[in-house]
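For reference, the structure is listed below as structure tokens.
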Amino acid sequence: MSKLQPVRGTHDLLPEESRRFAHVVDTSRAVAALYGYREMATPIFEFTELFARGIGETSDVVSKEMYTFEDRGGDSLTLRPEYTAGICRAFISNGELAQQLPLKIFAAGPMFRYERPQKGRQRQFHQIDIEVLGAPEPGADIEVITLAADILDRLGILDRCVLKLNSLGDPQSRAGYRQVLVDYYRGHIDKLSDDSRARLERNPLRILDSKDEGDKAINAEAPSLAEYLNQSSREFFAAVREGLGAAGISFELDPALVRGLDYYTHTAFEFVTSHIGAQGTVLGGGRYDGLIAELGGPPTAGIGWAGGIERLMMLCNEPPAPARPVVLVPLGAAAEAKALGLGRALRAAGIAVEQDYRGTMKRRMQRANKLNARAAVILGDDELAQGVVQLKDLDSGEQHGVAMNGLVEALKT
RNA sequence: GCGGCCGUAGCUCAGUUGGUUAGAGCGCCAGAUUGUGAUUCUGGAUGUCGCCGGUUCAAGUCCGGUCGGCCGCCCCA
């Protein structure tokens, strides 16, 4: 424990930022609700086994980024590094969910990955998450991507993002291609970068996305995934592309788009941006038809995505300002007591009201100004005796008397 | 996990080739007679110069370590 600093890669969300955070989540939740997605939540930690099995032992997330610890009962637990595995587990654990297919879920919450922090990358970060379980049709892919685009649009950032799209094909296509690819790279192994040589064992598809110049030359001649998709995989992908076109969603095909988690099949996609540094992915996901069965559940198709809330926040415009309050400025004990009741009445009418706990009139007026109040309600002994209040508009500076029982009306606009 | 840059008041930064009590703007606090903010004027407080150690007569300035941030790689949201 070192000093009064937050743990590396974690951050305090101060009120101003918290407002932006809430804006992203609230907006996403609202759009998801328009599509009929229901919110749920799963625990922040699970048995380590779940992630190891679900995400894949060879993935970076599992092999070097998990926050894993043993609890007092000796169980190995892990702070969730992503949402999908937990939701699939919840689907298996709660039998009634299998009777609600297709299950359309919205979720949001913190994720944990032990990584070197950078701009747009923290050890505790937050995601919004969308999943559809039990829908093997391309319509689910289309809907989920359309929903993502609508959220980005509603946040005002769609025009700063590009949708990249690819298909990994069904497991047979993917496995076949993988073998062809490994054979191809083996033939050029002496020219591959060190990174890519390591990738050859763990995740050869990733080499396609290498930034190394030598690798790029080799990739130029590499067999293309699209050619190794079988008939049904091609048809599926074509249906997704056509559906997106019909929905008015523009995208770029990216044959090198290979997502890192082992469970992906068919559609893979990312919304990327060049506005937030090296971490260009704002939202990404894909189809994972084999995952639930792999975890021991009934064979159930799945597709979904996760969006990084912090990354979305970096892209977002200022959220709408909160309602400007009215500030009560009582002078003297009797007025202070009276103001308490007035305040409740105003709040009951939906008006934001603040009242200082102490201070002179001057101080209270200064506070009112700092709070960006729209009006001050001044009441002293004279006003009290007459049953009125001085209502001062803090923008114009104009002030006039208003009967106490007419105050709510006067402030409603 | 690897490579590079950086760390001075709440914020943005200045600080000569190491040399006395470390500065500015913004913000903050107080005052400018009466029961009135924001504007204006006057005054004030700010800091273990990230932390630890070393070199030196002398370190905010140089060196090492450490913590943190940023950038790139890996990977991802």
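Just so we're on the same page: letters track the sequence lines, and every chain starts at 1.
Stem list for RNA chain B (at least 3 consecutive Watson-Crick or G-U pairs, distances under 3.5 Å): B:1-7 with B:67-73, B:10-13 with B:23-26, B:28-32 with B:40-44, B:50-54 with B:62-66.
When the C1' atom is compared between B/rA59 and B/rG64, the two are found 15 Å apart, to the nearest whole Å. For the C1' atoms, the distance linking B/rU8 with B/rG23 amounts to 10 Å, nearest Å. Remark: the separation of the P atoms in B/rG27 and B/rU66 is 41 Å, to the nearest Å. Taking atom P on both B/rG60 and B/rG18, the two are 13 Å apart, rounded to the nearest angstrom. Distance check on atom P: B/rG15 versus B/rC73 gives 32 Å, rounded to whole Å. Between the P atoms of B/rC28 and B/rU39, the separation comes to 9 Å (whole Å). Taking atom C1' on both nucleotides, B/rC71 is separated from B/rU61 by 25 Å, rounded to a whole Å. Rounded to the nearest Å, the gap between the C1' atom of B/rC6 and that of B/rG44 is 33 Å.
Comparing A/D195 and A/G284 along RNA chain B, the residue whose closest nucleotide (by nearest heavy atom) sits nearer the 5' end is A/D195.
When rounded to the nearest whole Å, the span between CG of A/L205 and C1' of B/rC76 equals 16 Å. Atom CZ in A/R113 sits about 13 Å away from atom C1' in B/rC74, given to the nearest Å. One can place OH of A/Y67 at 15 Å from C1' of B/rC76, the figure rounded to the nearest angstrom. Between the CD atom of A/E65 and the C1' atom of B/rC73 there is a distance of 13 Å, rounded to whole Å. Rounded to whole Å, the distance from CG on A/L283 to C1' on B/rC76 is 13 Å. The interatomic distance linking A/Q118 (CD) with B/rG1 (P) rounds to 14 Å, in whole Å. The CZ-P distance, from A/R123 to B/rA77, rounds to 18 Å in whole Å. In this structure, A/R80 places its CZ atom 17 Å from C1' of B/rC76, rounding to the nearest Å.
More than 12 heavy atoms of other shown residues, nucleotides or ligands fall within 6.0 angstrom of atom CZ in A/R347. Around the CZ atom of A/F69, the shell of radius 6.0 Å holds more than 12 heavy atoms that belong to other residues, nucleotides or ligands. Heavy-atom neighbours of A/F45 CZ from other residues, nucleotides or ligands within 6.0 Å: at or below the threshold of 12. Around CZ of A/R53, the count of heavy atoms belonging to other residues, nucleotides or ligands within 6.0 Å exceeds 12. A/F112 CZ: more than 12 foreign heavy atoms inside a 6.0 Å radius.
With sequence neighbours excluded, the residues forming a side chain to side chain contact (heavy atoms under 4.5 Å, CB included) with A/A108 are A/V25, A/F106, A/I128, listed by chain and number.
For the residue pair A/R38/A/Q100, the side-chain donor-acceptor check at 3.5 Å is satisfied. Between the side chains of A/T281 and A/E270, at least one donor N or O sits under 3.5 Å from an acceptor N or O. Of the N and O atoms on the side chains of A/Q386 and A/D382, not one donor lies less than 3.5 Å from an acceptor on the other residue. For the residue pair A/T267 / A/S167, no side-chain donor-acceptor distance below 3.5 Å is found, with atom types taken as modelled. A donor-acceptor contact under 3.5 angstrom links the side chains of A/S196 and A/R199, judged on distance only.
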Would A/E383 and A/Q390 count as a side chain to side chain contact (heavy atoms under 4.5 Å, CB included) if you check the C-alpha gap in whole Å, the side-chain angles of each, and the deciding distance to 0.1 Å?
CA-CA 8 Å; A/E383 285 80 9; A/Q390 290 297 318; 3.3 Å; yes
Would you tabulate the nitrogen or oxygen pairs shorter than 3.5 Å linking the protein to nucleotides 11-13 of chain B?
none

Please write out the pairs of protein N or O atoms and N or O atoms of nucleotides 34-38 of chain B separated by less than 3.5 Å, giving the distance to one decimal.
from   : atom 1 : to     : atom 2 : distance (Å)
B/rG35 : O6     : A/D382 : OD2    : 3.0
B/rG35 : O6     : A/E383 : OE1    : 3.3
B/rG35 : N1     : A/E383 : OE1    : 3.0
B/rG35 : N1     : A/E383 : OE2    : 2.9
B/rG35 : N2     : A/E383 : OE2    : 3.4
B/rU36 : O2     : A/K392 : NZ     : 2.7
B/rU36 : O2     : A/Q399 : OE1    : 3.3
B/rU36 : N3     : A/Q399 : OE1    : 2.7
B/rU36 : N3     : A/Q399 : NE2    : 3.3
B/rU36 : O4     : A/Q399 : NE2    : 2.7
B/rG37 : OP1    : A/K362 : NZ     : 3.4
B/rG37 : O2'    : A/M365 : O      : 3.2
B/rG37 : N1     : A/L394 : O      : 2.6
B/rG37 : N2     : A/N369 : OD1    : 3.1
B/rG37 : N2     : A/L394 : O      : 2.4
B/rG37 : N3     : A/N369 : OD1    : 3.3
B/rA38 : O4'    : A/N369 : OD1    : 3.2
B/rA38 : O4'    : A/N369 : ND2    : 2.7

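Within 4.0 Å of A/G332, counting heavy atoms only, lies no atom of the nucleic acid at all. No contact: A/E310 has no heavy atom under 4.0 Å from any strand.
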What side-chain donor-acceptor pairs closer than 3.5 Å can you find for residues 327-343 of chain A, not counting sequence neighbours?
none

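For a distance-only test at 3.5 Å, the side chain of A/R116 fails to qualify as a donor-acceptor partner of the base of B/rC75. No donor-acceptor contact under 3.5 Å links the side chain of A/Q122 to the base of B/rA77. Side chain A/R121 to base B/rC75: a donor-acceptor pair is found below 3.5 Å.
A cation-pi arrangement is not found for A/R186 relative to A/Y184, the charged atom failing to lie both closer than 6.0 Å to the ring centre and inside a 45° cone about the ring normal. For the pair A/R241 and A/F237, the cation sits on the ring face: its NZ or CZ lies under 6.0 Å from the ring centre, inside 45° of the axis.
Using cut-offs of 30° and 60° for the angle between ring planes, the A/Y67 and A/Y114 rings count as perpendicular.
Taking 4.0 angstrom as the limit, A/R199 places a side-chain polar atom (N or O) nearer than this to OP1 or OP2 of B/rC75.
Applying a 4.0 Å cut-off to non-hydrogen atoms, none of the residues of residues 30-38 of chain A approaches RNA chain B.
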